[in-house]
Amino acid sequence: MQAGKPVLYSYFRSSCSWRVRIALALKGIDFEMVPVNLIKDGGQQLAIIEYLEETRPTPRLLPQDPKKRASVRMISDLIASGIQPLQNLSILKKVGEETKLTWAQNAITSGFNALEQILQSTAGKYCVGDEVTMADLCLVPQVANAERFKVDFTPYPTISCINKRLLALEAFQLSHPCRQPDTPTELRA
């Protein structure tokens, strides 16, 4: 390990790790990745993104405008605390193999119904206006989870449009789970 170079303990498919990888890529921060195999979710990592924002403020992931900043945090919290944890492996194991798909779909669609409404009033090119924010870092991994659980995106045109724009950005491509060192061969891009 190089001295002074940040180390990210990451699991290729972890939504939390993915959010941090996007932030690191957007900010142009070179880091060392140590792959870990998670059996359950690695925990809340918005605090890491907030730390990166405070110590390496460009590009901004939180708008200067207090109202927009509050919207970013609201969307981020909805996704990272209200939608994503309901699909963690530990929860899905308790739900059981025969009902986990339905459980995950219901959890995601319930959250996406609220999110789509919010984004209709906050979105520009991205979740809040025309700059990539912490909310966008939360959106893309959650959309990937929704795709994995075969959620119908017909009722979510705003979510779909924003996600498509974000996936075209280099930071989102570099941080994608299919391009991580610990990604299984069959899931690589």
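Worth knowing before you read on, the calculation uses all heavy atoms, side chains too, and leaves out hydrogens, waters and symmetry mates.
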State which residues pass side chain to side chain contact (heavy atoms under 4.5 Å, CB included) with Ala23; sequence neighbours excluded, sorted by chain then number.
Ile49, Leu52, Leu61, Leu137
Is the number of heavy atoms from other residues, nucleotides or ligands within 6.0 Å of NZ (Lys68) greater than 12?
no
Can you run down the ring-ring contact (aromatic ring centres under 6.0 Å, His included) pairs that involve residues 54-84, sequence neighbours left out, and say none if there aren't any?
none
Which residues satisfy the ring-ring contact (aromatic ring centres under 6.0 Å, His included) test with Tyr156, sequence neighbours excluded?
Phe112
The side chain to side chain contact (heavy atoms under 4.5 Å, CB included) partners of Ser175 (sequence neighbours excluded) come to Trp18, Arg21, Ile22
From Met74 CE over to Leu115 CG, what is the distance, rounded to the nearest 0.5 angstrom?
9.0 Å
Output for pair (Thr109 OG1, Phe153 CZ), nearest 0.5 Å, gives 10.5 Å
If you round to the nearest 0.5 Å, how far is OH of Tyr9 from OG of Ser17?
12.5 Å
Spell out, as yes or no, whether a donor-acceptor pair under 3.5 Å connects the side chain of Gln173 to the backbone of Leu167.
yes
Applying side-chain hydrogen bond (donor to acceptor under 3.5 Å, both in side chains) to Arg148 and not counting sequence neighbours gives Asn145
Gap separating the CD atom of Gln142 from the CD1 atom of Ile75, nearest 0.5 angstrom
13.5 Å
Side chain to side chain contact (heavy atoms under 4.5 Å, CB included) partners of Arg69, counting only residues at least two apart:
Leu62, Pro63, Pro66, Arg73
If you round to the nearest 0.5 Å, how far is CG of Leu8 from CE of Met33?
6.0 Å
Is the backbone N or O of Ser90 less than 3.5 Å from a side-chain atom of Asn88, with the two atoms forming a donor-acceptor pair by type?
no
Salt bridge (Lys or Arg N to Asp or Glu O under 4.0 Å) pairs touching residues 119-147, sequence neighbours excluded, are none
Taking Gln180's backbone N and O only, do any of them form a donor-acceptor pair with Arg188's side chain (distance below 3.5 Å, no angle check)?
yes
Of all residues at least two apart in sequence or in a different chain, which pass the side chain to side chain contact (heavy atoms under 4.5 Å, CB included) check with Ser71?
Thr122, Val128
For residues 52-111, which residue pairs qualify under ring-ring contact (aromatic ring centres under 6.0 Å, His included), counting only residues two or more places apart or in two chains?
none
Going by salt bridge (Lys or Arg N to Asp or Glu O under 4.0 Å), name the residues that satisfy it together with Arg165, two or more places apart in sequence or in a different chain.
none
The complete set of salt bridge (Lys or Arg N to Asp or Glu O under 4.0 Å) pairs with one or both residues in residues 97-121, sequence neighbours excluded, reads Glu97-Lys100
The criterion is side-chain hydrogen bond (donor to acceptor under 3.5 Å, both in side chains); which residues satisfy it with Asp152, sequence neighbours excluded?
Thr154
Cys16 side, atom SG; Ile48 side, atom CD1 - distance, nearest 0.5 Å:
8.5 Å
